[in-house]
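All of these numbers come straight from a predicted model, not from anything done at the bench.
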Amino acid sequence: MSLEDSVALHPENSWILNGSRVTRDSAGEPHQYNIWLPGIGIAAVYGVIIAVGLVGNVTLMKTCLSVKSLRTVPNLFLSSLALGDLLLLVTCAPVDASRYLVDEWLFGRVGCKLIPFIQLTSVGVSVFTLTALSADRYKAIVRPLDSHTSTARLSVCLRVGAIWLFSVTLAIPEAVFSDLHTFTTSHTNETFVTCAPYPHAGELHPKIHSTASFLIFYILPLFIISVYYCFIAQSLIRSSVDMPAEGHLHLQRQVNSRKRLAKTVLVFVGLFAVCWLPSHVIYLYRSFHYDQVDTSVGHFIASVCARILAFTNSCVNPFALYLMSKNFSKHFRQQLPCCSSPQRLYSQRSRDTNVTSV
């Protein structure tokens with residue numbers, strides 16, 4: 001949540017109903033927080049997203065890492081993607097939800113630096129992992145002779161580590177420059193303190209920050225993915241045309257498997273693009289109108305929906321994979337305590353075969 005959200009939640013806005021809760025600070029003095037009652041509903045939506053995301057991503061990681069037949073290169077990337085989503089859901093989502101409940105930043109200066117850093121790291125892990133997955137599908141489909149199974153797992157582990165390191169490096173400025181800043185609302189001339197990546201002074205910083213984020217964490221990765229998928233589509237079309245009409249059943253199954261894997265990755269990319277685009281657009285709009293704080297109800301509702309949609313991206317991937325892969329869905333159900341007994345799970349593991357599947 002950003003500056004405009006904080007203004008919209010300010011108690012002086014007549015369209016907001018507030019309750020109150022009295023606590024005591026470190027000095028023992030009573031302190032009253034204004035609780036925004038409609039925010040309870042928003043926080044409940046966040047709670048559902050967190051719960052569903054925790055179950056889905058933990059089960060995905062457990063499935064891909066514990067079932068031998070699912071320890072494939074794409075699934076190792078997906079496990080890293082799930083870990084990044086878990087990090088976002090456990091740390092950033094509860095903080096974001098709390099800001100719709102009370103009208104003050106509750107997590108201090110350390111939290112102000114840590115939370116944006118974690119969020120940007122998670123976003124980086126997501127989009128760069130999807131880019132790496134697209135590159136892996138390109139290599140497997142267009143240049144299959146360049147793949148070496150014996151070194152594939154070591155290579156993907158190194159790439160996953162590099163993705164996390166790169167994402168952390170790009171997020172460091174977020175931790176350095178994010179801080180608690182005092183802002184003044186123009187229509188009431190009141191001041192309030194909130195967490196922001198830059199002070200409310202000058203127009204250049206917000207424009208640079210929003211544009212750089214949009215390019216680095218959205219436009220450029222999606223452009224690279226699009227290029228990869230153009231080559232993948234050309235290769236699949238060419239292989240379909242060149243394939244003999246009769247016989248070569250094994251070759252046909254291999255092509256169909258490659259199509260399915262490429263389609264699965266493309267669905268993940270599409271989900272990321274759809275879920276994060278509104279958040280980027282609203283941030284760009286705010287940054288280029290930074291001297292005019294939009295406190296309208298319509299803008300606030302759009303901001304809430306964009307934030308919820310962005311966090312939803314961290315919980316939908318396991319269920320998208322569940323719907324697209326019969327092999328994964330079977331093992332996924334068996335990893336859920338409510339769907340499988342320990343005896344059945346052990347029996348299934350003993351019958352695992354080395355079938356490649358996403």
Side-chain angles (χ1 to χ4, degrees), residues 42-97 118-119 121-134 156 160 163-164 167 260-261 263-279 305-342 344-345 348-349 357-358:
I42 299 175
V45 175
Y46 272 84
V48 172
I49 292 173
I50 293 169
V52 172
L54 287 176
V55 172
N57 286 296
V58 169
T59 307
L60 184 150
M61 293 176 63
K62 186 179 178 184
T63 303
C64 293
L65 298 178
S66 63
V67 179
K68 186 176 180 180
S69 63
L70 295 180
R71 294 175 195 161
T72 62
V73 169
N75 286 345
L76 290 174
F77 277 121
L78 291 179
S79 297
S80 175
L81 184 64
L83 181 60
D85 289 337
L86 278 174
L87 184 65
L88 185 72
L89 291 171
V90 170
T91 57
C92 299
V95 172
D96 215 57
I118 294 175
Q119 177 170 320
T121 298
S122 177
V123 173
V125 168
S126 295
V127 70
F128 299 142
T129 298
L130 292 173
T131 307
L133 266 169
S134 301
V156 72
V160 166
I163 287 170
W164 277 87
S167 300
R260 187 181 68 252
L261 294 173
K263 187 187 297 184
T264 301
V265 177
L266 191 59
V267 167
F268 289 159
V269 173
L271 287 172
F272 177 88
V274 170
C275 289
W276 278 98
L277 180 60
S279 188
C305 291
R307 294 293 292 173
I308 289 176
L309 190 61
F311 282 106
T312 300
N313 181 244
S314 294
C315 74
V316 296
N317 287 339
F319 303 100
L321 185 57
Y322 179 91
L323 294 175
M324 297 189 66
S325 173
K326 293 182 179 180
N327 191 35
F328 174 82
S329 63
K330 177 183 66 176
H331 291 292
F332 186 90
R333 287 194 303 269
Q334 291 167 353
Q335 295 296 330
L336 293 172
C338 60
C339 298
S340 178
S341 63
R344 182 181 174 187
L345 182 60
Q348 180 63 37
R349 283 180 177 174
S357 174
V358 171

Q. Going by heavy atoms in the side chains, are Leu81 and Phe77 under 4.5 Å from each other?
A. no
Q) So how far is it from Cys64 SG to Leu321 CG, rounded to the nearest 0.5 Å? A) 6.5 Å
**Q.** Donor-acceptor under 3.5 Å (Ser122 side chain, Leu87 main chain)
**A.** no
Q: State, with a plain yes or no, whether a side-chain heavy atom of Val55 is found less than 4.5 Å away from one of Leu336.
A: yes
Q) Side-chain contact, heavy-atom cut-off 4.5 Å: Asn317 with Leu78? A) no
Q | Separation between CE of Met324 and CG of Leu266, rounded to the nearest 0.5 Å | A | 8.5 Å
(Q) Show the nearest heavy-atom pair for residues Ser167 and Phe128, with the distance to one decimal. (A) OG-CD1, 3.5 Å
**Q.** Check: Leu54 and Leu86 side chains under 4.5 Å, non-hydrogen atoms
**A.** yes
**Q.** Whether Asn57 side chain and Ser314 backbone form a donor-acceptor pair below 3.5 Å
**A.** yes
Q: Identify the two heavy atoms, one from Ala132 and one from Ile163, that lie closest to each other, and give their separation to 0.1 Å.
A: CB-CD1, 3.8 Å
(Q) How long is the straight-line distance from CG of Leu76 back to CG of Leu65, given to the nearest 0.5 Å? (A) 7.0 Å
Q.
Counting C-beta onward and ignoring hydrogens, is there a side-chain heavy-atom pair between Leu60 and Tyr322 closer than 4.5 Å?
A. no
(Q) Please report the interatomic distance OG1(Thr72) to CZ(Phe328), rounded to the nearest 0.5 Å. (A) 10.5 Å
Q | Point-to-point distance, once rounded to the nearest 0.5 Å, from CG of Leu89 to CD1 of Ile49 | A | 8.5 Å
Q) If every non-hydrogen atom of Ser79 is compared with every non-hydrogen atom of Met61, which pair is closest and at what distance? A) O-CG, 3.8 Å
**Q.** Non-hydrogen atoms of Ser80 and Trp164 that approach each other most closely
**A.** OG-NE1, 2.9 Å
**Q.** Spacing of Leu70 atom CG and Gln335 atom CD [to the nearest 0.5 Å]
**A.** 9.0 Å
Q: Compare all side-chain heavy atoms of Ser325 with those of Phe332 and state whether any distance is below 4.5 angstrom.
A: no
Q. Would you say the side chain of Asp85 lies within less than 4.5 Å of the side chain of Ser126, judging by non-hydrogen atoms?
A. yes
Q. Is any side-chain heavy atom of Leu133 closer than 4.5 Å to a side-chain heavy atom of Val73?
A. no
(Q) Would Lys62 and Thr59 count as a side-chain contact (heavy atoms from CB on, under 4.5 Å) here? Give the steps. (A) CA-CA 5 Å; Lys62 186 179 178 184; Thr59 307; 5.5 Å; no
Q: Determine the minimum heavy-atom distance between Val127 and Thr131, stating which atoms define it.
A: O-OG1, 2.8 Å
Q.
If you compare all heavy atoms of Ser66 against all heavy atoms of Arg71, which two are closest, and at what distance to 0.1 Å?
A. O-NH2, 3.5 Å
